[in-house]
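We name chains A, B, ... by the order of the sequence lines, and we start the count at 1 in each one.
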Number of protein chains: 2
Amino acid sequence: MTKRSRKTIKDVAAAAGVSIGTASRALNRTGRVSEATVIRVTDAARKLGYQPDAIAQSLRLKSTKVVGMLVTDLSNPFFASVIRAAEKRLQQAGYALLVGNTDNEGTREKFLIDLFQRRRVDGLIVGPCETENPEMLEALDSGDLPVIGYDRDFGEGQSGLHVDHRRAAYEATRHLLNLGHERIALLSSSSLLSPGRERIAGHAEALAERGIALNQALIRAHKSSMEFVASEALSLMSLRPAPTAFLCLGTRMLAGTLQGLQQNGLKVPGDVSVLAVGDTDLARLYTPAISCVTWDLDLVGQMLAELMLRRLGDDQGEPQRIMIPTQFIDRQSCGAPGQCSGP
Amino acid sequence: MTKRSRKTIKDVAAAAGVSIGTASRALNRTGRVSEATVIRVTDAARKLGYQPDAIAQSLRLKSTKVVGMLVTDLSNPFFASVIRAAEKRLQQAGYALLVGNTDNEGTREKFLIDLFQRRRVDGLIVGPCETENPEMLEALDSGDLPVIGYDRDFGEGQSGLHVDHRRAAYEATRHLLNLGHERIALLSSSSLLSPGRERIAGHAEALAERGIALNQALIRAHKSSMEFVASEALSLMSLRPAPTAFLCLGTRMLAGTLQGLQQNGLKVPGDVSVLAVGDTDLARLYTPAISCVTWDLDLVGQMLAELMLRRLGDDQGEPQRIMIPTQFIDRQSCGAPGQCSGP
DNA sequence: CTAGCGTGCGTAAACGTTTTTCTATATTGC
DNA sequence: GCAATATAGAAAAACGTTTACGCACGCTAG
């Protein structure tokens, strides 16, 4: 009891009175070994509390049973929920999940990819990152590291998963247009990221259907602290004529916008309509409740894991691209454009 | 270019015309090797794009440079932010972070601990989990796996980090008492978890100072879906006499409470005062803004990592216990108890 | 001129597995 | 009773590192 060093298969073999090769085959039930010794060996293993060393196995089997996941912000609920769901599915399949936070910096991402590669992860799931260097990821995958993109474009040949941000923005915009809004302010995450690009495209598409040109002055697309978004919202409201509706198309845009509007005593939806992407407690419980476009984050995580597992299993099958649909939830934050757009 | 198999140190040694032992010593600048060959070897390594295999290193060096972290819910912002900060600090120190979601199930936690142990993580950070089996964790640590508890009691001999939930609840309760409230409803996460226990203790302490007995009927402590919390809040409000204030001491208690109150048209703070733990967008932007007790999640993650790194480095030094202080933020959700407690 | 010593480097063992190859024994068929 | 064959299990190689050990060489000192 004093010496609690870890038991190896050698100990098990010795205890069972067989060679280590036989012990291994007995434990894994592979190769030819008599039923009697299987029992002897497994008994010994149980008695010793033997657990095979995953590192040694990895080295020998050339597979670590670990997949890495890289996102810009682990604490962003939009990623955190996805990670949770992905981890759950991967766990079921015997994989563990190594996470990395890129802070949306290209160098950091590259560093982490290198690191994970040295750690010999079996696969990599990468979220969007501003510095698109698709050639890097493509190289990775054409090497021997399966890569699944999440809301991230790289060549058509690669499998990946995309939320249908374009359609989400399209429907949200149409909703506002149907209410009579024509000057719609757009707050989005960076247009350098795939989600931002797609959202702006969907927005433009809906406007185009009504013959309304995209007004660049009404679009603000960059990454966001809440305070900055608030000031952006106010600066947008000081335009003349002022926008009559806000489309908050980023994960943390809604809070900033509401704060900005509150500061200036602007009422929703009386003075201005607000529509968000992503359903949060804030959207649900704010007064008035905020209409939004949302999608199933658990499904996203699950499908990412699924995609990865498929790539990890028998490699056949074309690269798959999955599109996650979005739903529109109508609440009380949108109305017809108000008359009080004067100073 | 067609054959892109991974380069090993053997390739580097061959390219530099030395033995693999020498190559290793040259790359690591350890042992005796002439400056000239150091240059030849590093050159060759760079030219070949050699990256040492972390798995093989782990096997040899008996250290994986990976730490595992187990929490009940990866998507809970209270954990997600901590994970992000911890990962950042660990990354700086050359460690990677393996995450696991326990869903607050003891069996799952045990499974993950075994799994991580087999993966030979260098250390383990464990958050609270309902099934306290401290003997397990203690055994782990007294074995050779450093364990850092996060809001989780195990023996006094172990190092860990605790948020000062007791003081947080104490101050929140005092605030309400000073406003004149005497019937305070308490919604908390499970009392089986350390945070829940501490909070209830702090609450009781503040009450005791005023000579008020803890009223079990006003306490609801279990894990929570938002809908369930809403119904709990309503059931509490139907007591006679009804509580005049709500203390929402769990990560997701506030949303449920507000929803329940809203459904019944109860006004905050007119009909009932509300006080929350944890500052969220919802608390900040709700009308009225919700007073709360909060603390620095980044600091928590950072200190967890720091504690772990210290344990991982030179092992000397007593086990450390860190207490994270909390701050009270007063907003508009608390007032003097209303008169309208009649039906 | 030789004994001693420091230096550079090659050799080999070790980490804990899995798997291939090979040997010894038992079984079968004639 | 003996050859052919099947089968259990042992031995050893391999995965990619790091490191202890020892050898050869050149230098200094007596």
Within this structure, what is the CD1-to-C1' distance between A/Ile9 and D/dG9, rounded to whole angstrom? 14 Å

Could you work out which one of C/dG8, C/dT17, D/dA8 sits closest to the side chain of A/Arg32? D/dA8

Do the side chain of B/Asp151 and the main chain of B/Ser194 share a donor and acceptor less than 3.5 angstrom apart? no

Of the options C/dT17, D/dT19, D/dT17, whose atoms approach the side-chain atoms of B/Ala56 most closely? D/dT17

What's the closest nucleotide to the side chain of A/Leu59 if the choices are C/dT19, D/dC15, D/dT17? D/dC15

When the nearest nucleotide of DNA chain C is assigned to B/Gly17 and to B/Arg120 on a heavy-atom basis, which residue is associated with the more 5' position? B/Gly17

Atom-to-atom span, CD of B/Gln51 to C1' of D/dT17 - whole angstrom: 15 Å

Rounded to the nearest 0.5 Å, the CD1 atom of B/Ile148 sits from the CD atom of B/Glu306 at a distance of 11.0 Å

Starting from C1' on C/dT20, measure out to CG on A/Asn28 and report it in whole angstrom. 15 Å

Which of these nucleotides, C/dT17, C/dC9, D/dG16, is closest to any side-chain atom of B/Thr37? C/dC9

Round to a whole Å and report the spacing from CZ of B/Arg6 to C1' of D/dC15. 13 Å

Is any NZ, NE, NH1 or NH2 atom of the basic residue among B/Asp43 and B/Arg40 found under 4.0 Å from an Asp or Glu carboxylate oxygen of the other? no

side-chain contact (heavy atoms from CB on, under 4.5 Å) filter on B/Asp11, not counting sequence neighbours, yields B/Lys7, B/Thr8, B/Leu48

Hey, mind stepping through B/Asp103 and A/Lys88 against salt bridge (Lys or Arg N to Asp or Glu O under 4.0 Å) and telling me if it holds? CA-CA 10 Å; B/Asp103 280 333; A/Lys88 179 166 202 154; 3.3 Å; yes

Under 4.0 Å, counting only non-hydrogen atoms across every strand here, what does A/Ser34 touch: a base, just sugar-phosphate, or nothing? sugar-phosphate

Between atom CD1 in A/Ile55 and atom P in C/dG16, what is the gap in whole Å? 12 Å

I want to confirm an ordering. Mapping A/Thr8 and B/Ile20 to their closest nucleotides on DNA chain C, which one lands closer to the 5' end? B/Ile20

Does A/Thr22 put a side-chain nitrogen or oxygen below 4.0 Å from OP1 or OP2 of D/dG9? no

D/dG9 C1' sits how many Å from A/Glu35 CD, rounded? 15 Å

Atom CZ of B/Arg118 and atom C1' of C/dG16: how far apart are they, to the nearest Å? 13 Å

Please classify the nucleic acid contact of A/Ser24 as base, sugar-phosphate, or nothing, using heavy-atom distances under 4.0 Å. base

Which whole-number value in Å describes the distance from B/Arg25 CZ to C/dG8 P? 11 Å

